[in-house]
Amino acid sequence: MHKIAVFASGSGSNARKIFEHFKDHPEISVTLLLSNKPNAPVMQHAKDMRIPALSFTREDLYENGRVLDLLREFKIDFIALAGFLWLVPHSLTSAYPDRIVNIHPALLPKYGGKGMYGMNVHRAVKEAAEAVSGMTIHLVNEKYDEGKVLFQATTDLEPADAPEDIAAKVLALEHRHYPQVIQTYIENNL
Ligand code: GAR
């Protein structure tokens, strides 16, 4: 059985889709939700699905090794970031080489990097009057949004689209594709 940990810190809509997708999968299960925000809505999604949900601090991730200890304790062999905004440290990328994926709400390499998350991305896309946006699923390395791209999907934008409209279009693409891309990647590479 492959065991996924999801890292999330926001509303958790992508995390929820991932939990539901793998609920009855015979060989892949989501066995841990980790969040840096103990009160984030994503914690409740995990509890609803009976998935252990734990929170951690900056020290736990960057200094004292608690996050890595938890991943080992739960025998995690794959990590999916779903709305997790802290930089992933070397201790994790080296323990999980090519086994950490992230979803980003734009067509990387455009609109990536530090500070480019959530509505900041969609406002920048609007500002640039892009005709197309989309989402990117990529492997995680030690730099924000620079790992190998695994999958992208696009959506056309209308001149009248507000950043909120762009966000909704992109989020729909994320929900449609992220769980299946994770599944295919694990099946082909683990
Ligand atoms: C998603 O749109 C995801 O692409 C984005 O955060 C949102 C989380 O939504 N991630 C980033 O911006 C990472 N740089 P959710 O909590 O509803 O899944």
Side-chain angles (χ1 to χ4, degrees), residues 4-23 30 32-49 51 53-56 58 61 78-89 92-93 96 100-128 130 132-155 157 161-183 185:
I4 301 176
V6 173
F7 283 50
S9 49
S11 68
S13 68
N14 277 289
R16 178 97 192 189
K17 293 285 176 194
I18 296 167
F19 300 158
E20 289 170 351
H21 181 89
F22 291 107
K23 192 163 76 72
V30 180
L32 183 61
L33 180 273
L34 287 174
S35 179
N36 57 300
K37 292 198 178 157
N39 299 319
V42 68
M43 298 294 268
Q44 190 57 48
H45 290 308
K47 286 173 191 152
D48 292 347
M49 304 289 293
I51 292 168
L54 300 172
S55 63
F56 63 88
R58 277 192 176 276
L61 183 62
F78 191 82
I79 298 170
L81 311 183
F84 179 70
L85 305 182
W86 290 356
L87 194 63
V88 174
L92 255 66
T93 54
Y96 289 91
I100 309 176
V101 293
N102 180 44
I103 190 159
H104 186 80
L107 295 170
L108 292 173
K110 291 174 100 173
Y111 307 107
K114 191 167 164 57
M116 273 296 182
Y117 59 86
M119 287 306 295
N120 293 350
V121 172
H122 305 303
R123 283 191 210 101
V125 167
K126 173 71 185 171
E127 187 80 7
E130 297 280 5
V132 173
S133 191
M135 58 80 141
T136 303
I137 297 165
H138 64 93
L139 294 176
V140 171
N141 62 20
E142 285 146 61
K143 293 189 178 152
Y144 275 114
D145 305 324
E146 288 189 17
K148 181 184 170 195
V149 171
L150 300 178
F151 182 87
Q152 292 185 305
T154 64
T155 181
L157 303 180
D161 282 344
E164 291 74 16
D165 301 314
I166 301 172
K169 287 181 174 181
V170 171
L171 193 64
L173 282 181
E174 296 187 354
H175 292 169
R176 191 179 316 147
H177 295 291
Y178 198 19
Q180 185 57 51
V181 171
I182 291 170
Q183 181 178 325
Y185 185 82

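Both ligands and their constituent atoms are indexed starting at 1 by order of listing. Computed from heavy atoms alone, side chains included, the values below leave out hydrogens, waters and symmetry copies.
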Completion exercise
Logged contact type for Glu174 with ligand 1, heavy-atom cut-off 4.0 Å, is side chain
Handout entry: Under the side-chain contact (heavy atoms from CB on, under 4.5 Å) test, residues paired with Ala172 that sit two or more places apart
Key = none
Problem - Close approach of Ser11 to ligand 1, heavy atoms, under 4.0 angstrom - result: yes
Handout entry: Heavy-atom gap Met116 to ligand 1 smaller than 4.0 Å
Key = yes
Side-chain donor/acceptor pairs under 3.5 Å, residues 9-16, sequence neighbours excluded:
{"from": "Ser9", "atom 1": "OG", "to": "Gly83", "atom 2": "O", "distance (Å)": "2.9"}
{"from": "Ser13", "atom 1": "OG", "to": "His175", "atom 2": "NE2", "distance (Å)": "2.8"}
{"from": "Asn14", "atom 1": "ND2", "to": "Glu174", "atom 2": "OE1", "distance (Å)": "2.8"}
{"from": "Arg16", "atom 1": "NE", "to": "Glu20", "atom 2": "OE2", "distance (Å)": "3.0"}
{"from": "Arg16", "atom 1": "NH1", "to": "His45", "atom 2": "ND1", "distance (Å)": "3.2"}
{"from": "Arg16", "atom 1": "NH1", "to": "Asp48", "atom 2": "OD2", "distance (Å)": "3.1"}

Practice task
Quick one: closest heavy-atom pair of Ala124 and Met116, and the distance?
Solution key: CB-CE, 3.8 Å
Exercise for the section: Give the minimum heavy-atom separation between Ser35 and Val42, together with the two atoms involved. Expected result: OG-CG1, 4.4 Å
Nearest neighbour in protein (non-hydrogen) for [atom]:
atom                    : result
atom 7 (C) of ligand 1  : Gly83 CA, 4.3 Å
atom 9 (O) of ligand 1  : Asn14 ND2, 4.0 Å
atom 10 (N) of ligand 1 : Ile103 O, 3.6 Å
atom 14 (N) of ligand 1 : His104 ND1, 3.3 Å
atom 11 (C) of ligand 1 : Pro105 CD, 3.6 Å
atom 16 (O) of ligand 1 : Gly12 N, 2.7 Å

Exercise for the section: Below 4.0 angstrom from a heavy atom of Gly118, which ligand 1 atoms are there? Numbered from 1 as shown, please. Expected result: 12 (O)
Fill in the blank from the handout: From the list His104, Glu130, Arg123, side-chain hydrogen bond (donor to acceptor under 3.5 Å, both in side chains) with Tyr111 holds only for Glu130
Practice task
Ignoring hydrogens and angles, tell me if any N or O in the side chain of Thr136 forms a donor-acceptor pair with the backbone of Leu108 under 3.5 Å.
Solution key: yes
Practice task
Keeping the roles fixed (side chain from Asp145, backbone from Gly113), state whether a donor-acceptor pair exists under 3.5 Å.
Solution key: yes
Handout entry: Gap between atom CD1 of Ile182 and atom CD1 of Ile137 - 0.5 Å precision
Key = 7.0 Å
Handout entry: Contact (N/O only, under 3.5 Å) between Ala15 and ligand 1
Key = no
